[in-house]
Peer 1: 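The structure's right below; bear with me while I get my questions together.
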Amino acid sequence: MPSAIALVDCNNFYASCERVFDARLVDRPVVVPSNNDGNIVARSNEVKALGIENGAPLFKVRPLLEAHDAAILSSNYELYGDMSNRVMTVLSDFADEIENYSIDEAFMRLHINPRESFAEIGREIRRRVLKYTGIPVSVGIAETKTLSKIANHHAKRSSKANGVLDLARSPYQELALSRVPVADVWGVGSRYAEMLEARGIKTALDLRNAPDEWVRDRMTVVGLRLVQELRGVACIPLEITPLTKKLLTVSRSFGSATESYDELRAAIVYYVSRAAEKLRRQKLAAGSITVFIETDRFKPEPQYANAVTLTVAPKSDSTFELRDLALSGMAKIFRAGFRYRRAGVTLGGLELAERVSLRLWENERYERHQRLMAEIDRLNAKYGRDAVRYGLFQSEGVWRTRFGQRSPRYTTCWDEIMRVV
DNA sequence: TCTGGGGTCCTAGGACCC
DNA sequence: TCTGGGGTCCTAGGACCC
């Protein structure tokens with residue numbers, strides 16, 4: 001039975017999520033900025049047509065957006081995460097081997113019998129995801145993950161493709177590669193693109209034809225794998241079972257800068273609380289914790305940034321233990337007299353909690369922690385985040401991220417469910 | 001006035017061990 | 001003048017992704 005790799009990618013995902021719940025947005029340009037309404041992270045096609053780049057600072061493009069009556073909606077990650085799960089659920093009907101690659105993309109291995117075509121299956125995927133979730137997707141199909149990315153690139157842009165393109169064993173593969181700028185190849189970032197273009201390698205096809213040795217020397221084995229993939233030799237496997245994460249970070253820019261030690265402590269406690277919740281949800285324990293604080297690098301004022309990593313021994317998922325360590329780290333790196341704009345914590349040395357739990361059964365204090373935190377997690381899930389808190393952070397502080405124009409959390413928050421009047 | 005947040009992998013170099 | 005060899009582990013920095 002022939003098989004191929006499909007990349008299913010949601011079109012303008014965040015903007016599409018917003019449109020599912022607000023039909024008035026359908027013909028308007030829509031952008032979603034990052035936290036603090038900082039940079040553009042999602043654009044509808046109308047916005048792309050205005051020449052606004054992804055990552056553009058909102059304040060710079062706001063006048064242009066307003067001139068075109070654009071909707072500017074602060075990011076609503078609860079809504080997007082929930083919509084993502086719905087899309088992935090529909091996709092799981094089409095394949096056993098699926099890699100949920102990002103919030104809006106999945107790789108999957110498709111199998112067909114000789115009378116079917118991959119393109120037909122691709123069209124059925126598209127039709128069904130749209131029907132059940134309201135989200136439009138594009139489907140690219142080819143022999144390898146990197147080639148399926150290329151196929152998807154064309155599926156999105158070509159009006160003839162209608163959202164689905166099968167390049168597997170296709171006579172048009174070279175043509176398709178020749179029409180993708182090397183900078184748009186998956187795995188080629190701005191640094192490599194600059195280097196490659198300077199040496200006359202301008203398209204995906206040029207890169208595919210570059211000599212192995214040359215590529216290895218300049219782009220390490222990562223580049224070599226990429227070139228092999230462009231040649232149809234699969235080197236990047238589907239990662240079907242989500243591998244255990246290695247790091248878990250929670251960090252934010254503040255709503256406004258602060259010099260206050262207490263404010264920073266409050267922010268750190270908040271971030272640790274979030275990180276420890278995630279840890280427990282994934283049934284992990286952490287072996288190290290890194291705390292970092294930074295001033296605003298865009299401001300012409302005294303700059304300071306520092307980080308400290310502490311060992312968590314034994315490994316723990318306790319908010320209390322992690323909080324105490326984080327605060328002792330903060331005390332080490334804090335310097336008075338700077339205006340801090342960002343802080344965060346990273347948990348490392350992650351391991352399944354059950355594997356480190358031996359020690360814990362002997363530790364009565366820890367068991368009490370466990371029960372208390374499970375109850376706090378339950379209450380917060382039921383009554384909203386921070387219904388119960390871990391002390392030491394005010395619910396409002398200058399460090400709090402601003403959400404100017406967030407849309408309702410239609411699908412995950414009872415108070416914000418859609419009303420029909 | 002205003003510039004995100006969360007990840008991964010690879011390499012080189014230093015510390016340390018026998 | 002000469003200054004082991006081989007291995008592991010850790011970290012920082014650089015590249016990338018969405």
Side-chain angles (χ1 to χ4, degrees), chain A residues 7 9-14 31-43 52-63 65-66 72 74-77 80-81 84 99-107 145-146 149 152 182-196 215-226 229 235-237 239 242-257 271 274-275 278 282 287-288 290 292 294-301 305 307-309 311 339 341-350 401-404:
Chain A
L7 172 63
D9 189 324
C10 299
N11 299 347
N12 314 322
F13 182 56
Y14 298 167
V31 295
V32 177
S34 61
N35 287 339
N36 288 319
D37 297 340
N39 298 65
I40 306 279
V41 295
R43 308 158 292 159
I52 292 175
E53 295 294 320
N54 203 24
L58 180 60
F59 73 91
K60 283 192 182 164
V61 295
R62 192 187 275 279
L65 288 169
E66 285 174 353
I72 301 173
S74 301
S75 47
N76 185 344
Y77 292 105
Y80 311 148
S84 175
E99 174 182 348
N100 293 7
Y101 177 66
S102 74
I103 194 165
D104 69 338
E105 279 171 82
F107 290 102
K145 287 166 87 172
T146 307
K149 277 269 185 184
N152 198 286
V182 76
D184 292 353
V185 173
W186 189 47
V188 176
S190 60
R191 293 305 183 88
Y192 284 154
E194 199 183 324
M195 183 278 289
L196 291 166
V215 171
R216 222 227 96 111
D217 285 353
R218 288 165 181 79
M219 303 170 71
T220 78
V221 298
V222 180
L224 197 53
R225 277 204 292 261
L226 193 167
E229 285 250 322
C235 299
I236 308 177
E239 282 173 11
L243 303 174
T244 310
K245 284 209 270 190
K246 298 177 179 170
L247 301 169
L248 193 165
T249 302
V250 176
S251 75
R252 303 272 187 286
S253 296
F254 301 154
S256 53
Y271 302 148
R274 291 287 89 82
K278 288 189 189 179
Q282 298 172 44
S288 72
T290 302
F292 58 91
E294 293 168 14
T295 48
D296 188 339
R297 67 184 195 280
F298 294 103
K299 286 252 173 70
E301 57 186 38
V308 62
T309 299
T311 301
R339 292 168 41 77
R341 186 69 206 286
R342 204 170 103 90
V345 300
T346 296
L347 303 179
L350 304 184
T401 301
R402 295 178 307 239
F403 287 101

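Residue numbers start from 1 in every chain, and the chains themselves are labelled A, B, ... in the order their sequence lines are given, proteins ahead of strands. Predicted, not measured: the structure shown is a model, and the values here were computed from it. What's counted below: heavy atoms across the whole structure, side chains too, no hydrogens, waters or symmetry copies.
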Peer 1: In Å, rounded to the nearest 0.5 Å, how long is the span from CZ of A:Arg274 to OG1 of A:Thr249?
Peer 2: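 So the CZ of A:Arg274 and the OG1 of A:Thr249 are separated by 15.5 Å.
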Peer 1: Looking across every strand, which nucleic acid part, if any, lies under 4.0 Å from A:Val222 by heavy atom: base, sugar-phosphate, or nothing?
Peer 2: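 Here A:Val222 touches the backbone only, sparing every base.
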Peer 1: Around atom CD of A:Glu194, are there more than 12 heavy atoms from other residues, nucleotides or ligands closer than 6.0 Å?
Peer 2: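 Atom CD in A:Glu194 is not crowded, with 12 or fewer foreign heavy atoms closer than 6.0 Å.
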Peer 1: Using a cut-off of less than 4.0 Å, is there contact between a side-chain N or O of A:Ser251 and OP1 or OP2 of B:dG6?
Peer 2: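 Answer yes for this pair, as a side-chain N or O of A:Ser251 is under 4.0 Å from OP1 or OP2.
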Peer 1: Counting only side-chain heavy atoms from C-beta out, which of B:dG6, C:dC18, B:dC10 sits nearest to A:Ser102?
Peer 2: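 Comparing B:dG6, C:dC18, B:dC10 against the side chain of A:Ser102, the answer is C:dC18.
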Peer 1: I need the CZ-C1' distance between A:Phe254 and B:dC2, as an integer number of Å.
Peer 2: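 Between C1' of B:dC2 and CZ of A:Phe254: 17 Å.
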Peer 1: Determine the minimum heavy-atom distance between A:Phe13 and A:Ser84, stating which atoms define it.
Peer 2: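 For A:Phe13 versus A:Ser84, the nearest heavy atoms are CZ-N, 3.8 Å.
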Peer 1: DNA chain B: A:Arg216 or A:Leu248, which has the more 5' nearest nucleotide?
Peer 2: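 First, find each residue's nearest nucleotide; the 5'-ward one identifies A:Leu248.
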Peer 1: Roughly how far, to the nearest 0.5 Å, is CD1 of A:Ile72 from CG of A:Leu65?
Peer 2: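 One gets 5.0 Å once the value is rounded to the nearest 0.5 Å.
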Peer 1: C:dC16, OP1 or OP2 - any side-chain N/O from A:Lys149 closer than 4.0 Å?
Peer 2: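 Answer is no, no contact under 4.0 Å.
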Peer 1: Of the nucleotides B:dT3, B:dG6, B:dT11, which has the atom closest to the A:Pro57 side chain?
Peer 2: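 Minimum distance to the A:Pro57 side chain belongs to B:dT3.
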Peer 1: Does a nitrogen or oxygen in the side chain of A:Ser34 sit under 4.0 Å from OP1 or OP2 of B:dT3?
Peer 2: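 No, because none of the side-chain N or O atoms of A:Ser34 sits under 4.0 Å from OP1 or OP2 of B:dT3.
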Peer 1: Side-chain N or O of A:Arg62 less than 4.0 angstrom from OP1 or OP2 on B:dT1?
Peer 2: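 No, no such contact exists.
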Peer 1: Reckon A:Lys245 has a side-chain N or O less than 4.0 Å from the OP1 or OP2 of B:dG7?
Peer 2: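 Indeed, a polar side-chain atom of A:Lys245 lies that close.
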Peer 1: Closest to the A:Asn39 side chain: B:dC9, B:dT3, B:dT8?
Peer 2: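 For the A:Asn39 side chain, the nearest candidate turns out to be B:dT3.
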Peer 1: Given C:dC17, B:dC2, B:dC10, which nucleotide is nearest the side-chain atoms of A:Thr220?
Peer 2: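 So the side chain of A:Thr220 is nearest to B:dC10.
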Peer 1: Mind calculating the distance between CD (A:Glu105) and C1' (C:dC18) to the nearest angstrom?
Peer 2: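 In whole Å, C:dC18 C1' and A:Glu105 CD are 7 Å from each other.
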Peer 1: State the pairing partner of B:dC18; accept Watson-Crick or G-U wobble contacts with both distances under 3.5 Å, and report none otherwise.
Peer 2: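 C:dG5 is the nucleotide pairing with B:dC18.
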Peer 1: Nearest whole Å is fine: how far is B:dC9 C1' from A:Glu229 CD?
Peer 2: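 Rounding to the nearest Å, CD of A:Glu229 and C1' of B:dC9 are 15 Å apart.
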Peer 1: I want to verify a distance call: between B:dG6, B:dC2, C:dC16, whose nearest atom is closest to the A:Ser190 side chain?
Peer 2: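 Given the options B:dG6, B:dC2, C:dC16, the side chain of A:Ser190 is closest to C:dC16.
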Peer 1: To the nearest Å, give me how far apart CG (A:Asn36) and P (B:dG5) are.
Peer 2: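 Computing the A:Asn36:CG to B:dG5:P distance gives 6 Å.
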Peer 1: Counting any heavy atom closer than 4.0 Å, what does A:Arg342 reach on the DNA or RNA strands: base, sugar-phosphate only, or nothing?
Peer 2: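 A:Arg342: backbone/sugar contact only, no base atoms under 4.0 Å.
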Peer 1: I need the CD1-P distance between A:Ile40 and B:dT3, as an integer number of Å.
Peer 2: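 After rounding, the gap between these two atoms is 13 Å.
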Peer 1: Evaluate the ring planes of A:Phe107 and A:Tyr101, with Trp represented by its six-membered ring, and classify them as parallel (under 30°), tilted (30 to 60°) or perpendicular (over 60°).
Peer 2: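 The rings of A:Phe107 and A:Tyr101 stand perpendicular, inter-plane angle above 60°.
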Peer 1: Among B:dT8, C:dC18, B:dT11, which nucleotide has an atom closest to any side-chain atom of A:Leu247?
Peer 2: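 Within the option list, the nearest is B:dT8.
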Peer 1: With a 4.0 Å cut-off, would you call A:Glu105 and A:Lys149 a salt bridge?
Peer 2: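 The answer is yes: the pair qualifies as a salt bridge.
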Peer 1: With a 4.0 Å cut-off on heavy atoms, is A:Ile103 in touch with a base, just the backbone sugar-phosphate, or nothing at all?
Peer 2: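 Here A:Ile103 touches no strand at all.
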Peer 1: Could you measure between the two P atoms, the one in B:dG14 and the one in C:dG4, and give it in whole Å?
Peer 2: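 Approximately 16 Å lies between the P atom of B:dG14 and that of C:dG4.
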Peer 1: Keeping the roles fixed (side chain from A:Ser34, backbone from A:Asn39), state whether a donor-acceptor pair exists under 3.5 Å.
Peer 2: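 At least one qualifying donor-acceptor pair exists.
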Peer 1: Contact class for A:Val185 vs. all strands (heavy atom < 4.0 Å): base, sugar-phosphate, or nothing?
Peer 2: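 Touches sugar-phosphate only.
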Peer 1: Rounded to the Å, how far apart are A:Lys145 NZ and C:dC16 C1'?
Peer 2: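 Rounding to the nearest Å, NZ of A:Lys145 and C1' of C:dC16 are 14 Å apart.
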Peer 1: Of the nucleotides C:dC18, B:dG5, B:dC9, which one has an atom closest to the side chain of A:Arg225?
Peer 2: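 For A:Arg225, the side-chain atoms sit closest to B:dC9.
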Peer 1: Please tell me if A:Arg191 has a side-chain N or O lying less than 4.0 Å from either OP1 or OP2 of C:dA15.
Peer 2: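 So the side chain of A:Arg191 is within the cut-off, an N or O lying under 4.0 Å from OP1 or OP2 of C:dA15.
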Peer 1: Taking CZ from A:Phe292 and C1' from C:dA12, how many angstroms apart are they, rounded to a whole number?
Peer 2: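 For the pair A:Phe292 CZ and C:dA12 C1', the rounded distance is 16 Å.
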Peer 1: Report the residue (A:Tyr14 or A:Lys246) whose heavy-atom-nearest nucleotide on DNA chain B is the more 5′ of the two.
Peer 2: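 Between the two, 5'-proximity favours A:Tyr14.
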Peer 1: How long is the line joining CG of A:Leu226 and P of B:dC10, in whole Å?
Peer 2: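 From A:Leu226 CG to B:dC10 P: 13 Å.
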Peer 1: Heavy atoms under 4.0 Å, any strand shown: does A:Arg218 hit a base, just sugar-phosphate, or nothing?
Peer 2: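 Answer is nothing: A:Arg218 stays at 4.0 Å or more from every strand.
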Peer 1: Taking the side chain of A:Phe298 as its heavy atoms from C-beta onward, which of B:dG4, C:dC16, B:dG6 lies nearest to it?
Peer 2: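 The answer is B:dG4.
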Peer 1: At less than 4.0 Å, is any side-chain N or O atom of A:Thr249 found next to OP1 or OP2 of B:dG7? Yes or no.
Peer 2: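 So the side chain of A:Thr249 is within the cut-off, an N or O lying under 4.0 Å from OP1 or OP2 of B:dG7.
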